[in-house]
Amino acid sequence: YFKSLDTPNKVYWLGELMGRSSLNVKNQDSRTLAIVRTKSHAHFVEAFADAVDSEYSISQMETASNEQDRLQLSISNPTFIENLISAGYPGPDDDVAVFPDLEPPLRAAFLRGYLESCGYLSTGGWSIKVQSHEQTERFEEWIEGFGFKRVTSSSTPNNASHVIRVSNVFDVR
């Protein structure tokens, strides 16, 4: 599926996965991509499974009574995993992903997927969590190209957390 990033749909899903999924590695020959969402966000898991024509089943994980149940799709196909890593998803030896260098027409789809995965609306507008200074720079470059206004970024003193804020909610729309 990710052998080439040639459609907005593929780029959207890459952004969605890079925002909130994990690659579990036992060894080089045993890697599993885990996509987990709460039951209220099951549409992300189900739509991704449909998009990639997954033959893997979606499992439901029951949690403590005060938490929402979760759905999980685990994909361990080695070719799928290799193509995902080649597309820019962080591999087992990577600390943090570097967002792919996408052509301008595909950037909005990636940003939308990433935003829907780990962005959130607050009183100050949209906030998008990223994992590194490099990711912040890439998103700021793309966002400026979209014509967004009043974009700011910040990080914690130890650079462990980075956030991009878009105060004009209509820009994100």
Side-chain angles (χ1 to χ4, degrees), residues 1-121 126-132 135 138-139 142-143 146 162-164 166 172-173:
Y1 185 79
F2 291 108
K3 189 171 185 174
S4 62
L5 295 176
D6 53 358
T7 67
N9 198 43
K10 289 179 184 180
V11 173
Y12 167 83
W13 285 116
L14 181 61
E16 173 73 30
L17 292 176
M18 288 179 81
R20 185 174 291 162
S21 67
S22 62
L23 185 62
N24 303 313
V25 179
K26 289 184 182 174
N27 58 52
Q28 187 65 18
D29 298 326
S30 180
R31 300 176 292 186
T32 303
L33 175 70
I35 301 117
V36 181
R37 299 290 187 280
T38 59
K39 203 169 184 180
S40 64
H41 291 99
H43 57 279
F44 287 114
V45 177
E46 294 162 349
F48 179 71
D50 288 343
V52 299
D53 294 327
S54 174
E55 296 178 4
Y56 293 91
S57 61
I58 297 173
S59 59
Q60 183 170 332
M61 303 179 309
E62 294 183 18
T63 57
S65 61
N66 61 344
E67 295 179 18
Q68 277 196 34
D69 289 346
R70 299 179 184 276
L71 295 180
Q72 177 171 332
L73 173 65
S74 297
I75 299 176
S76 58
N77 178 295
T79 304
F80 182 91
I81 301 294
E82 280 303 316
N83 288 338
L84 180 63
I85 292 169
S86 294
Y89 192 89
D93 298 327
D94 300 328
D95 289 334
V96 176
V98 176
F99 293 146
D101 187 21
L102 299 169
E103 295 296 321
L106 296 174
R107 292 174 182 170
F110 182 91
L111 184 58
R112 178 177 168 229
Y114 195 90
L115 177 68
E116 288 179 2
S117 181
C118 62
Y120 55 95
L121 184 61
W126 281 97
S127 295
I128 308 166
K129 292 181 184 180
V130 293
Q131 297 176 349
S132 69
Q135 289 179 341
R138 177 68 49 99
F139 267 179
W142 290 359
I143 287 171
F146 296 141
H162 303 267
V163 176
I164 300 169
V166 180
V172 172
R173 186 175 202 173

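- Under the 4.5 Å side-chain criterion, counting only non-hydrogen atoms from C-beta, I128 is in contact with Y114.
- Between V52 and W13, the closest side-chain pair of non-hydrogen atoms is not below 4.5 Å.
- Taking CG of L84 as the start and CE of M18 as the end, the distance is 8.5 Å to the nearest 0.5 Å.
- No side-chain heavy atom of D6 sits less than 4.5 Å from a side-chain heavy atom of L106.
- Residues L73 and S57 come closest through the heavy atom pair CD1-O, 3.8 Å.
- Here the closest heavy-atom approach between residue L5 and residue A87 is recorded as CD1-O, 3.7 Å.
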message: Let's go through Q135 and I164 carefully: what are the C-alpha distance in whole Å and the side-chain angles of both, what is the deciding distance for side chain to side chain contact (heavy atoms under 4.5 Å, CB included) to 0.1 Å, and is it a yes or a no?
response: CA-CA 10 Å; Q135 289 179 341; I164 300 169; over 6 Å; no
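- A donor-acceptor pair is defined here as one N or O able to donate and one able to accept, closer than 3.5 Å; such a pair exists between the side chain of S117 and the backbone of E16.
- Side chains of V25 and S30 form no contact here, defined as non-hydrogen atoms less than 4.5 Å apart.
- Closest non-hydrogen pair, T32 versus S74, comes out as CG2-CB, 3.7 Å.
- Here the CG-OG distance, from L33 to S22, works out to 7.0 Å after rounding to the nearest 0.5 Å.
- Between the side chain of R20 and the main chain of R37, no donor-acceptor pair closer than 3.5 Å is present.
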query: For S4 and K10, what are the C-alpha separation, side-chain angles and deciding distance, and is it a side chain to side chain contact (heavy atoms under 4.5 Å, CB included)?
result: CA-CA 8 Å; S4 62; K10 289 179 184 180; 4.0 Å; yes
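- Residues S76 and I81 share a closest heavy-atom pair of C-CG1, 4.5 Å.
- Side chain of R31 to backbone of E82: no donor-acceptor contact under 3.5 angstrom is found.
- Residue I143 holds its CD1 atom at 5.5 Å from CG of L111, rounded to the nearest 0.5 Å.
- Once rounded to the nearest 0.5 Å, the distance linking CG of D69 with CD of Q60 reads 5.0 Å.
- Exactly one of F80, Y12, Y89 qualifies for a ring pair (Phe, Tyr, Trp, His ring centres under 6.0 Å) with F2. That residue is F80.
- Ring orientation note: the planes of F139 and W142 are tilted relative to one another, at an angle of 30° to 60°.
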- request: Run the numbers on N83 and Y1 for side chain to side chain contact (heavy atoms under 4.5 Å, CB included), then give the verdict.
  value: CA-CA 7 Å; N83 288 338; Y1 185 79; over 6 Å; no
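- Atom CZ of F48 and atom CG of L17 lie 4.5 Å apart (nearest 0.5 Å).
- Ring geometry for F44 versus H41: interplanar angle under 30°, hence parallel rather than tilted (30 to 60°).
- Heavy atoms from other residues, nucleotides or ligands lying under 6.0 Å from CD of E103 number 12 at most.
- R138 places a side-chain N or O within donor-acceptor distance of the main-chain N or O of F99, the cut-off being under 3.5 Å.
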message: Using the rule given for side chain to side chain contact (heavy atoms under 4.5 Å, CB included), can you reason through L23 versus I85, listing the C-alpha separation, both sets of side-chain angles and the distance that settles it, and then say yes or no?
response: CA-CA 10 Å; L23 185 62; I85 292 169; 3.9 Å; yes
